[in-house]
Enquirer: 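Below are the structure tokens for one structure; questions will follow.
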Amino acid sequence: MIRNDIRNIAIIAHVDHGKTTLVDQMLRQGGVFRQNQQVAERVMDSNDLERERGITILAKNTAVHYGDYKINIVDTPGHADFGGEVERVLKMVDGVLLLVDSFEGPMPQTRFVLQKALGLKLPVLLVINKVDRPDARCEEVVDELVDLLIELDADPETLDRPIIYASARKGTATLDLEKPGEDLQPLFDTIMKYIPAPEGDPDGPAQVLISTIDYNEYVGRIGIGRITRGTLRDGTMVVRTNAMSEKVSPPWRLTALSVYEGLKKVPAESVSMGDIVALTGLADISIGDTVCDPATPEALPFVAITEPTVTMTFSVNDSPFAGKEGQFVTSRHLRARLFRELETDVSLRVKEGESPDQFDVWGRGELHLSILIETMRREGYEFQVSKPEVIYRWENGVRQEPIERMVADVPQAYAGAVIEKIGRRRGTLESMSGSDRVRLEFLVPSRGLFGYRSEFMTDTRGEGIMSAVFDHYEEYKGDIPHRNVGALICYETGDTTQYGLFYAQERGTLFVGSQTPVYHGMICGESSRPGDIVVNVCRQKHVTNMRNASSSEDSLRLVSVHPLTLEECLEFIDDDELLEITPKSLRMRKRELSHEQRAKAASRAKQ
């Protein structure tokens with residue numbers, strides 16, 4: 001049977017192409033907000049990190065009403081590192097809106113999410129967004145999209161569907177570029193016409209595939225998924241099973257059912273086939289589980305999640321400043337928090353490390369892991385991490401490494417510098433197009449992009465745009481130099497002084513300012529030449545009886561101090577270094593803090 005009063009859609013796109021802004025306008029025009037209600041921009045980006053960084057990290061559900069129809073909408077992340085969020089929610093919907101920027105056109109993540117949607121045989125509606133940009137090139141972008149669809153073997157129906165031209169910021173859409181839109185009615189009408197209604201047996205035994213996990217401190221874990229068959233009622237007895245293990249749990253009672261209305265979850269007494277529902281009552285429910293009738297425990301297959309490509313070692317902080325700033329500092333705390341993250345993040349892997357206080361964490365990229373680190377840091381955790389490394393695999397005795405498809409959009413004058421730098425990092429140029437601004441497409445080893453983003457911004461004077469997404473594995477490409485300069489290392493423990501920093505800045509770029517607590521073996525700057533240099537940034541000026549001596553230190557001006565962000569620290573550290581993370585501080589340090597022991601180890605290595 002077909003349930004015609006509901007449509008379930010996901011909005012997918014490359015990062016910063018306007019998904020969340022479009023959802024804002026769909027909510028506003030769908031009657032979720034009052035006419036004069038003040039609403040924050042990108043209302044779906046609800047957590048602090050999403051608002052600070054201007055990106056969507058977690059997929060979120062909402063719903064609007066259009067006439068007699070209810071449209072369940074899933075807003076998804078656009079960054080490749082959070083692709084696991086996109087992959088799992090596609091099992092919850094019957095069709096997707098693919099947003100593409102009217103200037104940038106199809107980007108690496110556009111290809112990735114489109115491939116996943118086509119692989120699941122989901123209908124795709126193409127939306128060209130930001131058509132009001134002065135540099136919009138809608139016709140060329142449509143041609144690029146058609147070429148991409150043909151390359152990915154899309155069915156003829158996808159190519160025959162109308163293309164929607166929208167301005168998410170203005171809240172308008174049209175099917176004809178010559179006739180500017182006034183509202184989003186053409187978009188809603190196209191969704192109703194071309195996205196199929198849910199199909200299934202509303203009278204059969206209940207079956208729900210859990211695609212997302214939410215958590216509430218009062219009720220515990222909440223499983224979110226779409227009912228593929230049957231009807232569920234509040235207080236019903238159900239069982240949980242999984243296609244991977246095929247084990248069936250003992251029966252348990254649903255303590256609450258909720259459906260989405262606008263930005264809220266609304267309690268419901270019963271839900272039927274086609275509804276997206278939140279289930280409460282089972283403590284250990286997980287993503288990929290199937291909740292079903294005890295009489296017919298049939299597990300539904302879950303989507304295959306792309307494997308992680310980057311690994312880091314998380315360990316207990318053992319620096320001289322350990323335990324001073326964090327609330328959770330032990331290996332027990334660290335272990336519990338990392339394994340709790342596995343319950344909601346399907347792209348993450350955690351394994352026990354070489355020692356009881358170390359854990360190997362695998363993720364989809366540097367940003368994926370840095371978001372986890374920043375989240376834990378804000379929760380009061382204190383720990384240290386190693387340099388990110390790619391995950392190799394062996395096939396027929398040959399070592400293979402992950403390769404990423406990178407697209408760079410740069411002014412013509414800087415294209416040569418980008419091609420040269422990527423060439424040094426074992427990348428190959430696949431295509432080059434454009435005149436004033438050039439689009440370069442490369443295949444680059446994942447490890448070749450570590451630390452490159454800051455270089456890229458420098459080489460393009462801040463005018464370049466780059467993005468990359470995992471493409472495939474290839475045979476190992478050879479060594480790539482990570483860092484061609486050394487570090488400035490603190491000689492002793494204490495507080496930095498203006499006097500000590502002034503004479504240390506001649507050796508390179510400083511990362512710490514005056515009156516900052518440091519310890520011996522801690523990295524306080526970047527050397528201007530290869531090789532590490534030990535500097536005394538805590539040095540005091542000798543007291544003299546000269547009259548002007550008291551004010552002479554005021555004239556010691558520091559040229560510049562460049563404190564590093566979390567991502568910059570992860571890009572900077574080398575194999576023999578660690579990043580100490582506390583709720584208040586980021587400190588880079590040598591694994592071996594003793595200067596004498598490092599010198600002996602270097603001497604033995606030369607011999």
Side-chain angles (χ1 to χ4, degrees), residues 10 12 15 44-50 53 55-61 74-92 109 112-113 116 209-217 220-225 242-245 278 282-289 302-314 328 333-353 359-379 381 383 385 388-391 402 446 469-470 566-567 570 581:
I12 59 176
V15 64
M44 295 294 288
D45 287 345
S46 51
N47 73 41
D48 292 340
L49 272 175
E50 290 180 320
R53 295 173 182 244
I55 59 173
T56 302
I57 296 170
L58 302 171
K60 301 177 191 67
N61 296 72
V74 185
D75 181 25
T76 64
H79 201 286
D81 285 20
F82 309 111
E85 293 280 316
V86 183
E87 290 171 299
R88 62 185 170 82
V89 300
L90 290 180
K91 293 290 285 185
M92 242 189 326
Q109 182 72 353
F112 173 79
V113 293
K116 292 293 179 183
L209 178 64
I210 302 301
S211 300
T212 306
I213 294 292
D214 198 359
Y215 182 79
N216 183 295
E217 59 184 7
R221 294 166 69 74
I222 302 169
I224 300 169
N242 193 293
M244 300 294 288
S245 64
L282 184 63
D284 56 350
I285 194 167
S286 298
I287 292 170
D289 287 348
F302 194 56
V303 65
I305 302 295
T306 307
E307 289 297 309
T309 57
V310 175
T311 180
M312 293 169 66
T313 300
F314 285 52
F328 307 108
H333 288 135
L334 185 60
R335 185 183 192 281
R337 178 63 182 83
L338 289 173
F339 279 93
R340 189 166 77 242
E341 188 69 19
L342 292 178
E343 297 172 355
T344 55
D345 192 340
V346 293
S347 302
L348 202 71
R349 306 281 186 277
V350 179
K351 298 195 306 181
E352 304 283 353
F359 304 91
D360 294 330
V361 181
W362 296 11
R364 291 280 280 267
E366 279 182 289
L367 182 63
H368 184 201
L369 294 177
S370 73
I371 291 292
L372 170 61
I373 291 169
E374 183 64 33
T375 304
M376 291 174 61
R377 179 189 180 199
R378 295 184 182 203
E379 292 171 359
Y381 286 84
F383 53 100
V385 298
E389 296 178 349
V390 300
I391 299 169
S446 294
V469 64
F470 169 75
L566 174 59
E567 281 80 12
L570 293 175
I581 292 154

Enquirer: Answer yes or no: is there a side-chain heavy-atom contact under 4.5 Å between Asp345 and His368?
Expert: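 Counting from C-beta outward, Asp345 and His368 do come under 4.5 Å.
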Enquirer: Could you tell me which non-hydrogen atom of Leu367 sits nearest to which non-hydrogen atom of Ser370, and how far apart they are?
Expert: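 Here Leu367 and Ser370 meet closest at O-OG, 3.0 Å.
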Enquirer: A side-chain contact here means heavy atoms from C-beta on lying under 4.5 Å apart; do Leu90 and Lys116 qualify?
Expert: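 Yes. Closest side-chain heavy atoms under 4.5 Å.
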Enquirer: Can you tell if the side chain of Leu369 reaches within under 4.5 Å of the side chain of Pro388, non-hydrogen atoms only?
Expert: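 Side-chain contact under 4.5 Å: no.
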Enquirer: Taking atom CG of Asn242 and atom CD1 of Ile285, what is their separation to the nearest 0.5 Å?
Expert: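 These two atoms lie 10.5 Å from each other.
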Enquirer: With a 4.5 Å limit on heavy-atom distance, are the side chains of Ile391 and Glu307 in contact?
Expert: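 They are not in contact (no side-chain heavy atoms under 4.5 Å apart), so the answer is no.
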Enquirer: Where is the tightest heavy-atom contact between Arg349 and Pro308, given as atom of each residue plus distance?
Expert: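 Closest approach of Arg349 to Pro308, heavy atoms only: CG-CG, 3.7 Å.
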Enquirer: On a heavy-atom basis, which atom in Arg364 and which in Ser347 lie closest, and how many Å separate them?
Expert: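 Heavy-atom minimum between the residues: NH1-OG, 3.4 Å.
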Enquirer: How are the rings of Phe314 and Phe383 set to each other: parallel, tilted or perpendicular (split at 30° and 60°)?
Expert: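 Phe314 and Phe383: parallel rings.
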Enquirer: Does the side chain of Phe359 come within less than 4.5 Å of Arg335's, by heavy atoms?
Expert: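 The answer is yes; the side chains approach within 4.5 Å.
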Enquirer: Any idea which heavy atoms bring Leu209 and Gly288 closest together, and the distance?
Expert: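 Of all heavy-atom pairs spanning Leu209 and Gly288, the closest is CD1-O, 3.8 Å.
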Enquirer: On a heavy-atom basis, which atom in Asp360 and which in Thr311 lie closest, and how many Å separate them?
Expert: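 Heavy-atom minimum between the residues: CB-OG1, 4.5 Å.
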